[in-house]
Visitor: 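Sending over a structure as structure tokens; questions will come in a sec.
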Amino acid sequence: MNVMTDKQMQFIAWLITTATDKCQTMDEVREMNKEIRKHSTGWKEEDGEEKKQQ
């Protein structure tokens, strides 16, 4: 099992918040989140939850 260090988690949080700060609408944030999930290893997309938000 891979465990992230606090420094790695801080970097990821910084990276995501920096990217979302550049978004002008919630749709842009959602689109970015969708891309992040698509490229995240082990992420299980929950179709029901995704459909509720649209």
Visitor: Pairs in or reaching into residues 14-34: which pass ring-ring contact (aromatic ring centres under 6.0 Å, His included), with residues at least two apart or in two chains?
Guide: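 Counting only pairs at least two positions apart or across chains, the ring-ring contact (aromatic ring centres under 6.0 Å, His included) contacts touching residues 14-34 are F11-W14.
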
Visitor: Report the residues that fulfil side-chain hydrogen bond (donor to acceptor under 3.5 Å, both in side chains) with T5, sequence neighbours left out, ordered by chain and then residue number.
Guide: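 Only Q8 meet the side-chain hydrogen bond (donor to acceptor under 3.5 Å, both in side chains) criterion with T5.
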
Visitor: For E35, give me all partners under salt bridge (charged side-chain N to carboxylate O under 4.0 Å, His left out), at least two apart in sequence or on another chain.
Guide: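 K38.
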
Visitor: Which residues pass the salt bridge (charged side-chain N to carboxylate O under 4.0 Å, His left out) test with D27, not counting sequence neighbours?
Guide: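 Salt bridge (charged side-chain N to carboxylate O under 4.0 Å, His left out) check on D27 returns R30.
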
Visitor: Could I get the full list of side-chain hydrogen bond (donor to acceptor under 3.5 Å, both in side chains) partners for T25, not counting sequence neighbours?
Guide: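 side-chain hydrogen bond (donor to acceptor under 3.5 Å, both in side chains) check on T25 returns nothing, list empty.
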
Visitor: List the atom of M32, the atom of C23, and the distance in Å for their closest heavy-atom pair.
Guide: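 Smallest heavy-atom distance, with atoms named: CE-SG, 3.4 Å.
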
Visitor: Who passes side-chain contact (heavy atoms from CB on, under 4.5 Å) against I16, sequence neighbours left out?
Guide: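 For I16, the residues satisfying side-chain contact (heavy atoms from CB on, under 4.5 Å) (neighbours in sequence not counted) are I12, T20, I36.
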
Visitor: For D6, does the CG atom sit with more than 12 other heavy atoms under 6.0 Å from it, leaving out its own atoms?
Guide: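 Open: at most 12 neighbouring heavy atoms sit under 6.0 Å from CG of D6.
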
Visitor: Which heavy atom of E28 sits nearest to which heavy atom of K22, and what is that distance?
Guide: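 Closest approach of E28 to K22, heavy atoms only: OE1-O, 4.4 Å.
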
